[in-house]
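Heads up, the thing below is written out as structure tokens.
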Amino acid sequence: MTDAPAREQTTTTNSAPVNVEVDTSYENDSSYGDELSRYSASLTSSVIDYRHENGRHYHKFRDGSYLLPNDESENDRLDMIHELCLQMLQRRVYLAPIKKPQRVIDLATGTGIWAIDFADEHPATEVIGCDLSPIQPTLVPPNLKFIVDDIESEWAYDSNPFDFIHARNLALTIRDVRKLIKRCYRSVKPGGWLEFQDWDGYSKSEDGSHNGTALERYYNEVYGAFEKQGYEVRPRPKLEEWFKYAGFVNIHVEKFIIPYSVWPKDPHLVNFPCFRQY
Ligand SMILES: C[S@@+](CC[C@H](N)C(=O)[O-])C[C@H]1O[C@@H](n2cnc3c(N)ncnc32)[C@H](O)[C@@H]1O
């Protein structure tokens, strides 16, 4: 740690039911301040009437801005990736050296599974999880609230900043991650932390054995399509530079490998649930 830097952060390279009834009680909860008021009027129809296409369904708020579904099988996938991250990080929910944070936000929280774990671990902390989709469970720790918000739009958190901002697995999700990190800088308290856990979306091999494989083709086609649509698909290699650009100091980067299938010798590396061969 350095001596009281202006802002600190670390970078790391590491089924909720759908159509749940939205907890609108926060609309009248003054402890969350004005930042929530802009969602309250339109929560019901413009947020919950999901777009249905080809047997899947998609978020309605800011319809079309995120390309992946928000249905049960997608939520299962997100929860599985959460388990993958926990295994990768030896069951640590985060890596930043935070101490007694008062106010924490999980950006694009998905099913909210990270926020729930964090809120359980820190019962005295006010935790917010925000997402375009209200796909989070209603039965959550009392110190946790979920809100519907677009983190790529101007946000109103600056006047009530956070001790810790967490964002994970936003590859293929956000267009301008650099801008988002700059926003985070404005919304984190001096001495607070920002943690991004994200990927270099494309798969690769150190020995070249991946070249020309169907897996490589899959990534080139699918991730290439996302890139053409303007999404950031490989944030991980650029995070450090973007953190510096935003003004953060005391930057930590930790890199982790996630092997496909069961080839590694290290038993820790073959146990990742998402990429096992079945
Ligand atoms: C790949 S998931 C990651 C979920 C979660 N961070 C995790 O690690 O489990 C991406 C999430 O970002 C949300 N999302 C996409 N664009 C967003 C935006 N502009 N503002 C807020 N949430 C967004 C999606 O609804 C989805 O739940």
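Residues: numbered from 1 along the sequence shown. It should be emphasised that the depicted structure is a prediction, and the values quoted were computed from it without experimental measurement. Numbering of ligands and ligand atoms starts at 1, following listing order.
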Nearest neighbour in protein (non-hydrogen) for atom 13 (C) of ligand 1: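 Looking at atom 13 (C) of ligand 1, the protein heavy atom closest to it is Asp131 OD2, 3.2 Å.
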
Identity and separation of the nearest protein heavy atom to atom 10 (C) of ligand 1: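 Looking only at protein heavy atoms, the one closest to atom 10 (C) of ligand 1 is Tyr66 OH, 3.4 Å.
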
Run down the list [options] and name the one with the heavy atom closest to [atom].
atom	options	value
atom 4 (C) of ligand 1	Ala108, Ser65, Ser133, Cys85	Ala108
atom 7 (C) of ligand 1	Gln197, Arg168, Arg77, Arg175	Arg168
atom 3 (C) of ligand 1	Asn169, Leu132, Leu84, Leu107	Asn169

contact_flag Thr173 ligand 1 heavy-atom lt 4.0 Å: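 Yes, Thr173 has heavy atoms under 4.0 Å from ligand 1.
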
Heavy-atom closest contact (Tyr185 atom, Phe248 atom, distance):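 Heavy atoms of Tyr185 and Phe248 come nearest at CA-CZ, 3.5 Å.
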
Region of Asn70 that comes within reach of ligand 1 [heavy atoms, distance under 4.0 Å]: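 No part of Asn70 is near ligand 1 at this cut-off.
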
Cluster check Phe162, Phe243: I/L/V/M/F/W/Y, side chain < 4.5 angstrom: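 Yes.
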
Leu170 with Leu78, same ILVMFWY side-chain cluster at under 4.5 Å: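 Different hydrophobic clusters.
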
Verdict with reasoning, Tyr94 to His122, per ring-ring contact (aromatic ring centres under 6.0 Å, His included): CA-CA 12 Å; Tyr94 58 89; His122 300 267; 5.7 Å; yes

Just which atoms of ligand 1 are under 4.0 Å from any heavy atom in [X]?
X	result
Asp150	18 (C), 19 (N), 20 (N)
Leu78	1 (C), 2 (S)
Asp149	20 (N), 21 (C)

SB check Glu83 Arg91 (cutoff 4.0 Å):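 The answer is yes: the pair qualifies as a salt bridge.
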
Electrostatic pair Lys244-Glu241, nearest N-O below 4.0 angstrom: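 Here Lys244 does not pair with Glu241 in a salt bridge, since their nearest N and O are not under 4.0 Å apart.
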
Matching residue for Glu232 among Lys238, Lys179, Arg175, Arg178 - test: salt bridge (Lys or Arg N to Asp or Glu O under 4.0 Å):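 Of the listed residues Lys238, Lys179, Arg175, Arg178, the salt bridge (Lys or Arg N to Asp or Glu O under 4.0 Å) partner of Glu232 is Lys238.
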
Flag, side chain of Arg183 to backbone of Ser153, donor-acceptor distance under 3.5 Å: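 Yes, the answer is positive, given that a donor and an acceptor are paired below the 3.5 Å cut-off.
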
Under 3.5 Å: N/O of Ile151 near N/O of ligand 1: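 Indeed, backbone or side chain, Ile151 has an N or O that close.
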
